[in-house]
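See below for the structure under consideration.
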Amino acid sequence: MTKLINVASHAVSKSLVKDGKSIKRSHIQEVLAAILGYQTYAALSVEENDDSLAYHLDDAEMLVLNPPAGARRAHALDVAAPGLIEACIAALQNVAPVRVYEDLDQFYDDYAREELVDTITNSDDVSAAMSETNAYFDSEANLPYETPATDDLWAARSEWCIEASGDIKGGHDTESDRMFAGDTLNCRGKLTFDKAGRAGLIFLESEGSAGVDESWREQDFEYDEAQEADLGIPEF
């Protein structure tokens, strides 16, 4: 991956020169290393040569960048310049042999959310929960569009996961002679990855689960109480 840094730093340098800026290549490499989750370029080099690790950045199936860390490193080196971080991100996305996500939000928006929805849809546990109701389900899991809170991706050393909770809305035939047993599932999906370097991920496994939302029982009970009150039926 140090080769990637070298190629990317060259691309960044050329881009900055076109805009009339000049930053030492060694400083650009430091900023790139920070965007990839390392304190310094030296730390990246040390980790790349650590044979005790199962995976390194070169093994990654995808990279998730950390632009704020790059900006902090640039300020520490006193090389912060307009367009530097953007140029670094663009260079990594252009030269890396795998998909590079600009940040955790883009990773969730463009990849993880859809994978979580698919995981929930294809889960045996979710199918079993659906069978507990008399409802029909023809919609996907409704998961939040905001990136869920996770452990620090770039600090995790061996594994990292992302989870999201939501619901699946179903329908119920009002003319059915079967008793209503709920039409909403509370669901959850989880993706687990092996870490490859600080920014690299290798998909490991996924799991989805669901349970019937029982809140309708309380609403039904409250409705019956209101009906009895309207009819003047005394409580016992």
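Every heavy atom of this structure was used, including side-chain atoms; hydrogens, water molecules and symmetry mates were not. From a predicted model like this one, the values you see are computed outputs, not experimental measurements.
Summarising the geometry, atom CD1 belonging to I5 is positioned 9.5 Å from atom CD belonging to E30; distances are rounded to the nearest 0.5 Å. Summarising the geometry, atom CG belonging to L32 is positioned 8.0 Å from atom CG belonging to L84; distances are rounded to the nearest 0.5 Å. In this structure, CG on L204 lies 10.5 Å from CG on L191, to the nearest 0.5 angstrom.
In this structure, the side chains of F203 and D194 stay at 4.5 Å or more apart for every pair of heavy atoms. You'll find the side chain of L57 reaches within 4.5 Å of the side chain of Y38, heavy atoms only. Contact annotation: the side chain of I168 never approaches that of E140 to less than 4.5 Å [non-hydrogen atoms, C-beta and beyond].
The minimum heavy-atom distance between S123 and S209, with the atom names listed, is OG-N, 4.3 Å. Taking each heavy atom of I120 and G189 in turn, the nearest pair found is CD1-N, 3.7 Å.
Side chain of W154 to backbone of L36: no donor-acceptor contact under 3.5 angstrom is found. Side-chain atoms of N94 come within 3.5 Å of backbone atoms of A90 as a donor-acceptor pair (strictly under, hydrogens ignored). Looking at S15, its side chain never comes within 3.5 Å of a backbone N or O of A11 through a donor-acceptor pair. Counting only distance, with no hydrogens or angles, the side chain of S165 and the backbone of R188 share no donor-acceptor pair below 3.5 Å.
Because its NZ or CZ atom is both nearer than 6.0 Å to the ring centre of Y145 and within 45° of the ring axis, R113 counts as a cation-pi partner of that residue.
Within the structure, ring-ring contact (aromatic ring centres under 6.0 Å, His included) pairs that include any residue of residues 76-101 comprise Y101-F107 (at least two apart or interchain). Among residue pairs with one or both ends in residues 195-207, those qualifying as side chain to side chain donor-acceptor pair (under 3.5 Å) are E47-R198, T119-S206; sequence neighbours excluded.
No hydrogens or angles considered: a donor-acceptor pair under 3.5 Å links the side chains of S9 and R25. For S52 and D50, the side-chain atoms include at least one donor-acceptor pair closer than 3.5 Å. D105 and T147 share a donor-acceptor pair across their side chains, judged by distance under 3.5 Å alone.
Taking the charged nitrogens against the carboxylate oxygens, K3 and D58 have no contact shorter than 4.0 Å, which rules out a salt bridge.
Put simply, L44 and L77 are part of the same group of oily side chains (I, L, V, M, F, W, Y) that touch within less than 4.5 Å, one to the next.
Clustering of Ile, Leu, Val, Met, Phe, Trp and Tyr by side-chain heavy atoms under 4.5 Å joins V46 with none of the others.
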